[in-house]
Amino acid sequence: MPYTTNDIKRVEEKWQAYWAERGIFRAIADPARKKYYVLEMFPYPSGKIHMGHVRNYTITDVIARYKMMRGFNVMHPMGYDAFGQPAENAAIKRGVSPAEWTARCIDDMRSGLKRMGFSYDWDRELATCDAAYYKWNQWIFLKMAEKGLAYKKSSPVNWCPSCATTLANEEVIDGACWRCKTAVIQKDLDQWYLKITHYADELLEDLKTLKNWPARVVAMQENWIGKSYGCDIFFKVKGGADVITVFTTRPDTIFGATYVTLAPEHPLARKLSRGTSQEAGVAAFLDKAAHMSRSLRMSGDERKEGVFTGAYAVNPVNGEAIPVWIGDYVLMAYGTGAIMAVPTHDQRDFEFARAHGLGMRVVIEDPAHPGLTPEQMTAAYEGAGSLVASAHFDGIPHEEAKGKIAAWMADGGMGRVSVHWRLRDWLISRQRYWGTPIPMIYCAACGVVPVPYDRLPVRLPADAPITGEGGSPLAKVKDFVAVPCPRCGAAARRETDTMATFFDSSWYFLRYCSAHNDQEVFDAKEAAYWMPVDQYVGGIEHAILHLLYSRFFTKFLRDAGLVAVGEPFDRLLTQGMVLKDGEVMSKSRGNIVDPDEVIARFGADTLRLFILFAAPPEDQLEWNPAGLEGSWKFINRLWGAVESRYKTASPVSDGPMDALDKALEFERHAAVKKVTESMEGGFKFNTAISGVMILMNAVDRYQVPAGDMRRQALLNDALETAVLLLAPFIPHAAEELWQMMGKPGASIAFIPWPVYSDDRLRTDTVRMAAQVNGKVRGEFEVPRDADEAFLRPLVLADEGVQRHVAGKEIRKFIVIKNKLVSIVV
RNA sequence: GGGCGAGUGGUGGAAUGGUAUACACGAAGGACUUAAAAUCCUUUGGUCGAAAGGCCUUGAGGGUUCAAUUCCCUCCUCGCCCACCA
């Protein structure tokens with residue numbers, strides 16, 4: 001009678017095969033039906049699925065199945081983000097080709113996913129390493145190049161010496177490679193970029209429309225895009241023609257500028273020192289800075305390194321000549337690579353000035369310390385105040401002064417209002433093998449020539465030597481490199497770098513709409529129906545990179561006329577991590593639990609139920625073997641109840657319901673309401689499941705005398721409702737139980753979601769509490785909607801209430817209908 | 001340094017102004033059993049009390065309110081993200 005391990009295996013395999021054979025979850029665009037596109041972040045196939053995947057995809061699967069029952073035409077696809085470095089590492093370590101290794105990992109993952117019973121439309125399965133997919137990466141790249149949004153330039157790039165490749169800014173974490181943690185250094189290279197900054201304003205503005213994204217993800221993207229309003233101010237170099245343009249967000253402090261600082265990479269840094277006594281010192285400093293890794297240079301805390309150039313710059317607002325320094329705390333890549341230093345009102349400038357004995361002048365008065373002199377200061381004053389020592393701007397509050405001074409400088413040609421962004425263009429060239437070849441050709445006569453569209457894909461050669469040491473493996477494949485120029489026919493050579501893999505994942509959600517179209521990047525009609533993704537689910541670690549790039553690609557493809565929407569993901573849910581013993585479950589920590597072992601013992605339904613019940617989806621989830629057994633026990637109880645108490649001989653209700661019947665009906669409707677509201681109000685699966693547990697507790701209490709058809713019918717209803725409500729969570733058991741109940745239909749996934757009626761939840765009497773001075777002193781069973789006239793004598797007669805009211809004056813008697821009365825004495 | 005979030009029983013968690021601790025796990029006691037497992041029943045925030053009942057309790061302190069886990073202020077702790085971004 002209990003649901004044994006053998007039952008589980010039999011039932012789960014049976015329904016997985018059934019779903020696959022019947023194509024139950026195949027999605028077909030149908031304009032007559034309302035669509036729902038539910039998507040998880042596709043996995044990198046590095047082996048078998050792990051608990052993080054299981055959690056992510058279980059969440060998505062419940063949403064998909066719930067929406068099916070709500071009548072939506074649901075698309076729920078799956079694929080593999082299959083290019084990337086681990087495949088190359090495997091090639092080096094185990095001598096197996098990346099293609100072969102990846103194919104094997106994909107097979108492992110697919111079978112793991114199938115064992116979980118996910119409702120995928122497997123017909124849409126894709127892998128980014130297939131030429132049928134990456135051909136369209138190349139196509140998109142060429143389209144971007146046509147619009148000037150993909151371009152090549154030489155510039156200092158982040159270089160990981162260990163991976164021997166370039167990294168995007170987004171891939172540099174704390175100055176180190178996001179993958180191997182090696183310190184990243186700066187290196188000049190000729191590389192391909194995507195002009196994401198073209199969309200900076202829109203990427204920022206449209207964040208406001210993403211009302212169903214977690215606020216923190218929106219905030220993170222906002223910070224990342226980093227729009228700053230301020231001024232560019234022109235400082236002429238004394239005794240020369242050069243002009244140093246600085247960027248500041250604090251034009252109100254211009255009268256307090258006591259020196260100018262250049263980034264070490266600034267074009268004037270070396271030039272200005274020439275012929276001065278500082279020349280040798282500057283050269284030494286610049287050499288040192290150039291060879292230092294970014295993380296080392298940025299780790300200087302308060303020890304700000306710098307050197308005087310020997311030159312002076314003229315402050316345009318007062319004609320004062322102030323020294324020009326070079327400082328390692330100024331970044332070439334942000335603003336103009338030069339700043340005006342106001343040590344009294346900027347902590348970094350303050351520290352630099354103190355370290356190098358530079359001048360200071362107070363220009364914003366701290367209301368708490370009027371008349372403060374620089375000598376008395378122990379830190380910069382960055383707060384609010386009015387201007388002093390600032391010519392005719394004295395006395396103006398500093399916020400107001402910003403605009404006034406900016407306008408005044410602009411009028412006088414001293415500066416201009418400006419906006420600077422933190423966001424930089426996206427470097428996509430990688431000196432790697434296992435990625436999409438960049439479809440460009442270099443011809444001595446014609447220059448950089450795109451591969452013609454009709455010659456795509458540029459296939460990745462199977463035989464590149466992968467050593468992991470420096471340079472692009474493709475450069476060593478002669479047959480690949482040598483190519484006639486498409487324009488003049490002369491001997492030319494191919495680009496041998498491949499694309500960053502984030503390129504692949506920036507549009508895969510569009511490819512799913514017509515996954516096997518070999519004529520177009522995707523079918524515009526299909527995309528028009530399915531897009532945007534209604535619900536996207538994935539890890540917070542993709543809050544910036546993947547989501548920002550996907551938004552960028554969607555805007556580009558919209559401008560290219562291929563898709564109507566400008567934002568790809570309507571709702572976003574970031575699921576929490578899976579922990580064990582308080583630490584993130586990971587292979588390197590050696591604290592992983594293998595989903596397959598759990599499935600073998602308890603089944604996929606139990607695993608799903610545990611993961612969903614143990615915590616809300618956004619929260620961290622602590623792995624708990626006892627909780628797992630609890631979930632198994634609950635499925636067992638349900639199984640046992642249906643098996644032993646459900647009667648299929650279609651009993652009909654006869655006679656009016658008594659109090660016990662009404663109580664069961666109440667619980668049944670309450671459960672439907674609770675689960676429905678938990679789903680609609682942000683997918684609170686844990687409370688949804690607890691709602692069904694409460695119903696099952698009521699079922700257990702409900703006795704059906706033999707032959708009592710009315711009660712049997714009500715019990716049947718309750719059990720059917722419980723099975724339906726649980727169908728998205730434990731689909732295998734639900735299908736089996738539904739079948740045991742003799743119910744028709746191809747799958748429980750398409751049985752309409754149960755409805756509840758508020759009438760059934762409205763009881764004749766309600767329990768009310770009585771508070772005296774805010775403390776509960778009594779409880780009453782009273783008729784619904786009882787008013788003060790009814791309640792007052794009743795409540796005041798109560799012994800418990802009397803104890804606290806007797807002999808005191810009743811000041812207030814407040815009735816909150818059907819909830820409580822509050823007495824103040 | 002900046003931003004965002006969190007802090008509730010032994011544990012995971014519930015409640016978003018109205019009876020704090022739903023639901024589950026764990027624990028204790030009991031039934032069944034030769035025994036164990038499974039299952040079922042009872043109890044389970046702390047504290048004082050024989051009991052009735054009282055007092056305390058949602059990180060700490062204050063405030064608003066008849067009523068605060070929920071709103072406001074101050075502080076503490078933890079987590080995540082960003083960070084010499086001018």
Side-chain angles (χ1 to χ4, degrees), chain A residues 1-2 173-174 214-224 226-228 230-231 246-250 253 261 263 297-304 327-331 333-342 345-349 351-352 382 420-423 540-541 543-544 574 576-577 610 613-616 618-631 633-634 636-637 640 674 684 686-694 696-697 700 767-780 799-800 803 811-825:
Chain A
M1 180 139 105
I173 312 293
D174 288 335
R216 56 191 291 232
V217 175
V218 171
M220 281 159 74
Q221 293 221 350
E222 238 167 49
N223 288 340
W224 191 262
K227 187 178 189 178
S228 285
C231 271
V246 308
F247 172 64
T248 182
T249 54
R250 295 293 304 274
T253 63
T261 315
R297 190 175 135 191
M298 294 306 164
S299 67
D301 295 328
E302 298 179 11
R303 235 180 29 263
K304 293 189 170 18
D328 65 358
Y329 73 103
V330 179
L331 306 173
Y334 184 75
T336 59
I339 62 157
M340 64 172 202
V342 186
H345 305 298
D346 182 285
Q347 186 59 23
R348 295 156 302 183
D349 297 343
E351 285 158 12
F352 191 83
E382 295 177 336
H420 287 270
W421 302 81
R422 222 194 71 118
L423 183 71
I540 186 77
E541 68 273 19
I544 298 174
T574 52
M577 302 214 171
F610 163 69
F613 182 58
E618 295 88 349
D619 289 10
Q620 295 187 330
L621 172 90
E622 177 70 33
W623 184 257
N624 175 8
L628 192 67
E629 291 203 43
S631 294
K633 256 164 39 180
F634 177 68
N636 231 324
R637 261 179 72 200
K674 174 81 179 172
K684 304 292 177 210
N686 54 334
T687 55
I689 292 164
S690 81
V692 190
M693 287 173 168
I694 293 169
M696 284 308 293
N697 290 343
D700 281 357
R767 282 201 84 72
M768 287 182 70
Q771 291 183 337
V772 180
N773 287 351
K775 289 190 175 174
V776 177
R777 300 298 182 187
E779 277 192 42
F780 306 87
E799 194 189 333
R803 228 195 321 268
R811 292 229 190 100
K812 280 186 185 173
F813 192 94
I814 299 162
V815 176
I816 309 297
K817 227 179 207 181
N818 299 325
K819 289 206 163 141
L820 55 69
V821 298
S822 185
I823 301 165
V824 187
V825 297

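Because the structure is predicted, anything quoted here is derived from the model rather than measured. In what follows, every chain begins at residue 1, and chains take the letters A, B, ... in the order their sequences are listed.
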Item to complete: Mind telling me if B:rG9 is syn or anti? Syn here is a glycosidic angle within 90° of 0.
Response: syn
Worksheet item: Should the heavy atoms of other residues, nucleotides or ligands under 6.0 Å from CE of A:M693 be counted, would the total exceed 12?
Response: yes
Fill in: Side chain of A:I814 - closest among B:rC66, B:rG12, B:rA14
B:rC66
Discussion item. Under 4.0 Å, heavy atoms only, any strand: does A:I816 hit a base, just the sugar-phosphate, or nothing?
Written reply: base
Fill in: Between P of B:rC82 and CD1 of A:I540, the distance in whole Å
10 Å
Item to complete: Please work out if A:T336 contacts a base, only the sugar-phosphate, or nothing of the nucleic acid, heavy-atom cut-off 4.0 Å.
Response: nothing
Discussion item. If I take atom CD in residue A:E622 and atom P in nucleotide B:rG79, what distance separates them, rounded to the nearest angstrom?
Written reply: 15 Å
Worksheet item: Out of B:rA83, B:rA86, B:rC84, which nucleotide sits closest to the side chain of A:Y329?
Response: B:rC84
Worksheet, complete the sentence: A:M220 atom CE is separated from B:rC80 atom C1', nearest whole Å, by 8 Å
Practice prompt. Answer with base, sugar-phosphate or nothing: what part of the nucleic acid does A:K684 contact at a heavy-atom distance below 4.0 Å?
Written response: nothing
Worksheet entry | Whether A:D619 side chain and A:G576 backbone form a donor-acceptor pair below 3.5 Å | no
Item to complete: May I have the distance from A:L628 (atom CG) to B:rU11 (atom C1'), rounded to whole angstrom?
Response: 16 Å
Item to complete: Fit a plane to each ring of A:F352 and A:Y329, take the angle between them on a 0 to 90° scale, and name the class: parallel (under 30°), tilted (30 to 60°) or perpendicular (over 60°).
Response: tilted
Worksheet item: Is it the case that more than 12 heavy atoms not belonging to A:K227 sit under 6.0 Å from its NZ atom?
Response: yes
